[in-house]
Undergrad: 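Following this message is one structure expressed as C-alpha cells.
Numbers restart at 1 for each chain; the letters A, B, ... are given by sequence-line order, proteins then strands.
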There are 2 protein chains.
Amino acid sequence: MAKATIKDVALVAEVSVKTVSRVLNDEPNVRPVLQEKVHAAVKALDFKRNPLARGLRGQQSFIITLLYSNPNPGYILELQNGALSQCIEQGYNLQIHPCDHNSPDLIKSVESITQYSTQDGFILTHPLCDNKELIALLDEKNIPFARISPFVREHDSPYVMSNDEEASFEMTKYLISLGHTKIGFIKGHPDFGATHKRYKGYQRALENMGLTLDEDYVKQGMFTFETGESCARQLLNQESRPTAIFASNDYMAAAILKVAAQMKINIPADLSVVGYDDAPVSQQIWPSITTVKQPINQMANTVVKKLIKRIKKQPFEEFDTVFDCELIIRNSTSPCS
Amino acid sequence: MAKATIKDVALVAEVSVKTVSRVLNDEPNVRPVLQEKVHAAVKALDFKRNPLARGLRGQQSFIITLLYSNPNPGYILELQNGALSQCIEQGYNLQIHPCDHNSPDLIKSVESITQYSTQDGFILTHPLCDNKELIALLDEKNIPFARISPFVREHDSPYVMSNDEEASFEMTKYLISLGHTKIGFIKGHPDFGATHKRYKGYQRALENMGLTLDEDYVKQGMFTFETGESCARQLLNQESRPTAIFASNDYMAAAILKVAAQMKINIPADLSVVGYDDAPVSQQIWPSITTVKQPINQMANTVVKKLIKRIKKQPFEEFDTVFDCELIIRNSTSPCS
DNA sequence: GTGAAAGCGCTAACAC
DNA sequence: GTGTTAGCGCTTTCAC
C-alpha cells in the first residue's frame with residue numbers, strides 16, 4: 001500500500017485538501033465537526049505528512065543541526081540523545097556535524113553544510129558557541145541558533161548553561177569540609193568557557209573559607225589525560241604537596257590516579273582527587289572518582305525547545321537557562337589525615 | 001541574495017532547465033560545450049541543488065538512518081563519524097536513531113521513524129542487525145539496509161564485519177607467547193555476535209597451542225564494569241588463579257584492574273590483563289590496557305558505500321567485507337613470571 | 001468557514 | 001541532443 005497523501009485524507013474526510021492542511025497545522029477557522037472528520041480520516045489512513053513536501057513549500061527543512069567539537073564521547077552522546085528526543089517530539093530532525101574548533105576550515109565546513117542542505121537552526125556547543133566568526137556567519141545568513149554553555153553571552157540568541165562556577169565552588173567547599181587546606185587545581189583548556197568558571201568557583205571557595213590561593217598549587221592542563229599527567233607530576237613533586245587535587249575534568253583526574261599509583265601515593269588515604277563531568281572513566285577506574293555531573297540531557301532538551309521557539313519567532317524566556325549540577329561522591333575522596 | 005535555483009542557472013547558461021538537470025545528474029546526451037556552460041553558471045551562482053525538491057520529486061530523501069543500541073560511547077561516535085563522512089561525500093544526510101535492543105517498543109520506534117520521515121536506507125549495528133523482527137519489518141517495507149558486524153549472515157543485504165575471531169585468536173596467542181598457560185576469559189553479553197566470535201578465537205588459540213581449556217577459567221560477563229568485576233573476583237579467588245585474563249571488552253578489563261588493586265595483585269607483574277575495543281578507558285587507566293582496535297571508522301565508511309550501491313540497485317561486491325583488527329600492546333601485559 | 005488553483009525546486013516523460 | 005510540460009505533496013494566496 002502506497003503511503004497516504006493529504007489528498008487521500010481529504011477524500012475520506014469529504015473536505016478539501018486545504019481544510020485538512022488547516023487542521024493539521026492548528027489553524028483557526030475550521031468547524032469542530034470538520035476537525036473531527038479530518039482527525040478520523042488521518043487516523044484511519046495512518047497518515048503522516050511528507051516532511052519533504054512541507055519543507056519545500058514552506059521554505060523550511062525541519063532540520064536542526066547540532067555542531068560540536070569536543071573530545072568527550074560520553075558528553076556528546078548524551079547531548080545528542082537529549083536534543084534528539086526533543087526534536088522528535090516537535091517533528092524536527094537532528095543533523096549532527098562534528099567539527100574541529102581548531103581547524104582553519106571550520107567556517108568553511110559549516111558554510112558548506114548550509115549550502116548543501118537547508119537547516120532551520122543550529123545548536124552550538126562550547127567552545128564553538130564562543131567563536132565570533134561562526135556567529136558572524138550564521139548571523140549573516142540569518143540562520144537562528146542556540147548555544148550550550150557559552151562563555152560570552154552578548155548575543156541575543158537563546159542559550160542554556162550549567163552553573164559550573166557554583167558546582168566548582170561546592171566541590172571545593174566539600175574538600176575543605178573534609179579538612180583539606182592544601183588543595184591543588186588543574187585548569188582546563190583556555191578556549192573553553194567552562195575552564196574559567198570552574199577555576200573561579202575554586203578560587204571563590206578558598207577565599208570564602210579563609211584559605212589563601214597558592215599559585216604553586218594551580219597548574220594549566222588542556223583537558224587531556226596527558227596534560228593531566230604532567231600537571232599531577234608537577235603538583236605532587238613539590239616539597240609541600242597538596243592533600244587534595246581538583247581536576248577540571250575526569251580525564252585529568254584519571255591521570256592523577258596514574259601518577260599517584262606510580263609514586264605509591266594512596267588514594268584516597270593520602271590524596272583526595274576530584275574530577276568533573278561524570279565521564280564513563282570516573283566509574284571504570286579504581287578508586288572511582290568523585291565528580292560533578294551536569295544535567296546534559298536536560299540542557300540539550302531545553303536548548304532545542306528554545307531554538308524552535310526562536311525559529312518560530314516566539315518568545316523563549318519561559319524556559320530555564322541555568323541548570324544545577326550534582327556532586328557525585330565516589331571513592332577518590334576522604335577526610336584529610 | 002536569495003539562493004540560486006536551477007532556473008537561474010539555466011538562464012545564465014542559456015540552456016533549458018532540463019539540460020542543467022542532465023549535467024548535474026551526469027546523464028548522457030549533452031554536448032561538451034553546453035556542459036561547460038552549465039558548469040560555469042553553477043560556479044558563478046554558487047548553485048547547490050535543493051535536496052528537498054530533489055527528494056520530493058524523486059521519491060527519495062537522501063537520508064540514511066544509523067540505528068544503534070550500544071553502551072559504548074566511543075564506539076558509537078567513531079561509527080557516526082565514519083558513516084557521516086561517507087554520506088556527506090555522496091550527498092546524503094545521516095540521521096541517527098539510538099534505541100534499546102531490549103525494549104519491547106523497539107520495532108514500534110523504528111516503524112514510527114519510517115512513517116514520520118522518509119529514509120532511503122538503514123544501517124544496523126550489532127546486535128540490532130541480528131534482530132529478526134527488525135529485519136522482517138524493513139523487508140516488508142522494502143527499505144534497503146546494510147549491517148555492521150552481523151552474527152547471522154543469511155540475509156542478502158550488504159554487511160561489513162571485523163575479524164573478531166582472528167583478533168581474539170592472535171591476542172590469546174600473544175598471551176601464550178608471553179609464557180602464560182593459565183589464561184582466564186570473561187565472555188561478553190550473549191546477545192552480541194561478537195561475544196561468540198571472541199570466545200571462539202580464544203578457544204581455538206588454546207587448542208592450537210596445545211593447551212586445554214579449563215572451564216573454571218571462563219566466566220560469563222555482560223560487557224559491563226559490574227559484571228566484569230564479579231567475574232574477576234571469581235577468577236582470582238580460585239586456588240590456582242590465572243596469570244592472565246582476557247576480557248571481551250575494555251570495561252570488564254578495567255574492572256579486573258580494580259579487583260586486582262583491592263587484592264594487592266600487581267599488574268602486569270603478577271597478572272596480565274587484556275581487553276577489547278580500544279575504549280577511551282583503556283588509555284585513561286593505569287596500567288593502560290592492552291587491547292584490540294577495530295577499524296570502526298573504515299567499516300562504517302564502507303558500509304555506507306555498500307548501502308548506497310544497494311539503494312541505487314548497483315552491485316556492491318567490489319568493496320571489502322571483512323576488516324582486520326589491530327592488537328594494541330599497552331602496559332597491562334608482561335611475560336609470565 | 002471553506003475550497004480552487006498556483007507554485008515551492010526539481011526531475012521523468014515525452015516531444016522535437 | 002535539447003527543450004517543454006507535468007507533477008512529486010504540501011501550503012499559500014485569494015476567491016467565494
Undergrad: Check this for me: does any side-chain nitrogen of one of B:E318 and B:K309 sit under 4.0 Å from a carboxylate oxygen of the other?
TA: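 Yes.
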Undergrad: Residues from residues 10-42 of chain A sitting under 4.0 Å of DNA chain D, heavy atoms only?
TA: A:K18, A:S21, A:N25
Undergrad: Do other residues, nucleotides or ligands put more than 12 heavy atoms under 6.0 Å from B:K7 NZ?
TA: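 Open.
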Undergrad: Do we see a donor-acceptor contact under 3.5 Å between the side chains of A:Q294 and A:E78?
TA: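 The criterion, which ignores hydrogens and geometry beyond distance, is not satisfied for A:E78 and A:Q294.
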Undergrad: Below 4.0 Å from chain B heavy atoms, what is the first contacting nucleotide of DNA chain C and what is the last?
TA: C:dG9 to C:dA13
Undergrad: Please determine, by modelled atom types, if A:R310 and A:S157 share a side-chain donor-acceptor pair under 3.5 angstrom.
TA: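 A:S157 and A:R310 do not have a side-chain donor-acceptor pair below 3.5 Å.
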Undergrad: Can you see if the side chain of A:R54 gets near the phosphate of D:dT11 - specifically, an N or O under 4.0 Å from OP1 or OP2?
TA: yes
Undergrad: Does a side chain donor of either B:D324 or B:N163 reach within less than 3.5 Å of an acceptor in the other side chain?
TA: yes
Undergrad: Which of these passes side chain to side chain contact (heavy atoms under 4.5 Å, CB included) with A:N81: A:I76, A:I296, A:N301, A:N297?
TA: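 Exactly one pass, corresponding to A:N297.
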Undergrad: Looking at B:L67, B:V160, B:I148, which hits side chain to side chain contact (heavy atoms under 4.5 Å, CB included) with B:I123?
TA: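 Option passing the side chain to side chain contact (heavy atoms under 4.5 Å, CB included) with B:I123: B:I148.
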Undergrad: Would you please say whether a donor-acceptor pair under 3.5 Å links the side chains of A:D120 and A:S61?
TA: yes
Undergrad: According to ring-ring contact (aromatic ring centres under 6.0 Å, His included), who are the partners of A:F192, at least two apart in sequence or on a separate chain?
TA: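 Applying ring-ring contact (aromatic ring centres under 6.0 Å, His included) to A:F192 gives A:H101, A:H126, A:H189, A:F223.
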Undergrad: Donor-acceptor pairs are to be reported for all side-chain atoms of residues 42-51 of chain B against protein atoms at under 3.5 Å, with residues two or more places apart or in another chain.
TA:
unit_1	atom_1	unit_2	atom_2	d
B:D46	OD1	B:K48	NZ	3.1
B:D46	OD2	A:Q115	NE2	2.8
B:R49	NH1	B:N25	OD1	2.9
B:N50	OD1	B:L52	N	2.7
B:N50	OD1	B:A53	N	3.2

Undergrad: Could you write out each protein N or O paired with an N or O of nucleotides 6-8 of chain D at a distance under 3.5 Å?
TA:
unit_1	atom_1	unit_2	atom_2	d
D:dG7	N2	B:R57	NE	3.4
D:dG7	N2	B:R57	NH1	2.9
D:dG7	N3	B:R57	NH1	3.0
D:dC8	O2	B:R57	N	3.3

Undergrad: Going by atom types only, do A:Q86 and A:Y92 share a side-chain donor-acceptor pair under 3.5 Å?
TA: no
Undergrad: For DNA chain D, please output the secondary structure as dot-bracket, reading 5' to 3'. Pairs are Watson-Crick or G-U wobble, both atom distances under 3.5 Å; mark crossing pairs with [ ], other-strand partners with |, unpaired with a dot.
TA: ||||||||||||||||
Undergrad: Does a side chain donor of either A:T19 or A:S16 reach within less than 3.5 Å of an acceptor in the other side chain?
TA: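 There is such a pair between these side chains.
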